[in-house]
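Here is the structure we will look at, set down as structure tokens.
Heavy atoms only: backbone and side chains are in, while hydrogens, waters and symmetry mates are out. What you are looking at is a predicted structure, and each value in this text was computed from that prediction instead of being measured.
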Amino acid sequence: MKSIVKEKSFQFALSIVALYKKLINDNEYVISKQLLRSGTSIGANVEEAQAAQSGKEFISKMSIASKEARESNYWLRLLNESQLTKINLENYIKDSEEIIKLLTSIVKTTQQKLN
């Protein structure tokens, strides 16, 4: 079975790695590093959730992924609003918001199933 959130988080991580390279070329080192960490961590936690040994562990990993997605969204908005770069970040922001919605839905649905 193909996981939409797994695929979207992986593609998002790839786009964040590419964006990180562009930001480094623009001499933006601090926020770009934070974004790289949080943006690639989303998919890593989704992957770990796939191997969870319990529903509680699955929810925990997906919740961490959700927090990382929210952090990524924050850094993207900060970069955008502060105008530290001329790169158009709207699609990155949209993608992060979509991932947040997916992860929130997954966590809520799984919590309801366990209760």
Side-chain angles (χ1 to χ4, degrees):
M1 185 175 101
K2 191 171 182 176
S3 168
I4 292 170
V5 73
K6 187 174 166 181
E7 186 58 32
K8 284 191 180 290
S9 61
F10 183 77
Q11 291 304 320
F12 183 73
L14 286 175
S15 72
I16 291 299
V17 169
L19 175 59
Y20 173 74
K21 290 177 184 176
K22 291 177 190 174
L23 289 167
I24 292 300
N25 287 337
D26 283 354
N27 297 316
E28 201 310 299
Y29 302 103
V30 178
I31 295 173
S32 61
K33 188 73 161 181
Q34 296 279 21
L35 177 60
L36 180 67
R37 288 175 195 220
S38 62
T40 56
S41 180
I42 302 164
N45 280 287
V46 168
E47 286 286 340
E48 284 187 48
Q50 305 301 305
Q53 295 178 348
S54 67
K56 190 175 177 182
E57 185 183 356
F58 178 83
I59 290 169
S60 175
K61 289 297 177 185
M62 285 298 199
S63 294
I64 293 168
S66 178
K67 289 175 186 177
E68 296 291 345
R70 289 172 189 280
E71 182 181 340
S72 298
N73 179 268
Y74 172 81
W75 294 126
L76 287 164
R77 289 184 297 115
L78 187 62
L79 277 169
N80 201 40
E81 301 281 326
S82 65
Q83 300 175 344
L84 286 172
T85 181
K86 302 228 183 302
I87 300 167
N88 184 342
L89 300 172
E90 292 302 317
N91 286 335
Y92 297 95
I93 293 168
K94 252 185 260 178
D95 289 346
S96 68
E97 289 169 350
E98 187 178 342
I99 291 170
I100 290 166
K101 287 177 187 171
L102 276 170
L103 289 166
T104 300
S105 176
I106 289 167
V107 169
K108 283 183 179 178
T109 302
T110 307
Q111 285 173 331
Q112 289 170 351
K113 287 179 182 176
L114 292 179
N115 291 335

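- With hydrogens and angles disregarded, no donor-acceptor distance shorter than 3.5 Å links the side chain of D26 to the backbone of E28.
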query = What's the verdict on side-chain contact (heavy atoms from CB on, under 4.5 Å) for L36 and L23, showing C-alpha distance, side-chain angles and the deciding distance?
reply = CA-CA 10 Å; L36 180 67; L23 289 167; over 6 Å; no
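- Listed here is the closest heavy atom pair of A49 and K61: CB-CB, 3.6 Å.
- Between the side chain of T104 and the backbone N or O of I100, at least one donor-acceptor pair lies under 3.5 Å.
- In Y20, the OH atom is crowded: over 12 heavy atoms of neighbouring residues, nucleotides or ligands sit closer than 6.0 Å.
- Note on I16: it does not cluster hydrophobically with L14, by side-chain heavy-atom contacts below 4.5 Å among ILVMFWY residues.
- S60 contributes no side-chain N or O that, together with a main-chain N or O of K56, makes up a donor-acceptor pair within less than 3.5 Å.
- Surrounding CD1 of I24 are more than 12 heavy atoms belonging to other residues, nucleotides or ligands, all under 6.0 Å away.
- Judged by distance alone, the side chain of S105 and the main-chain N or O of K101 form no donor-acceptor pair under 3.5 Å.
- In this structure, CG on N91 lies 11.0 Å from CD on E98, to the nearest 0.5 angstrom.
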message = side-chain contact (heavy atoms from CB on, under 4.5 Å), that's the test. Do L103 and I42 meet it? Break it down for me.
response = CA-CA 10 Å; L103 289 166; I42 302 164; 4.1 Å; yes
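- Atom CD of E48 is separated from atom CD1 of I64 by 7.5 Å, given to the nearest 0.5 angstrom.
- One hydrophobic cluster holds both V107 and L114 under the rule that ILVMFWY side chains link at heavy-atom gaps under 4.5 Å.
- Note that CG of N80 is 4.0 Å distant from CD1 of I93, once rounded to the nearest 0.5 Å.
- Separation of atoms CD (Q50) and CZ (F58) is listed at 6.0 Å; rounding is to 0.5 Å.
- Cluster membership check: F10 does not share its hydrophobic cluster with L19, using side-chain heavy-atom separations under 4.5 Å among Ile, Leu, Val, Met, Phe, Trp and Tyr.
- Atom CG of N115 sits about 11.0 Å away from atom OG1 of T110, to the nearest 0.5 Å.
- By the 4.5 Å heavy-atom criterion applied to side chains, K8 and L102 are counted as neighbours.
- The closest donor-acceptor contact from the side chain of T109 to the backbone of I106 lies at 3.5 Å or more, if one exists at all.
- Put simply, the side chain of V46 reaches to within 4.5 Å of the side chain of M62, judged on heavy atoms.
- The backbone N or O of F12 lies less than 3.5 Å from a partner atom in the side chain of S15, making a donor-acceptor pair.
- One distance of note links OG of S96 with CG of L89; it measures 10.0 Å at 0.5 Å rounding.
- N45 is not listed as a side-chain neighbour of K67, based on a closest heavy-atom distance of 4.5 Å or more.
- Contact of the N73 side chain with the I99 side chain is not registered, since no non-hydrogen atoms from C-beta on lie closer than 4.5 Å.
- Considering all non-hydrogen atoms of both residues, S38 and S72 come closest at OG-OG, 2.9 Å.
- Looking only at side-chain heavy atoms (C-beta outward), E71 and R37 stay at 4.5 Å or farther from each other.
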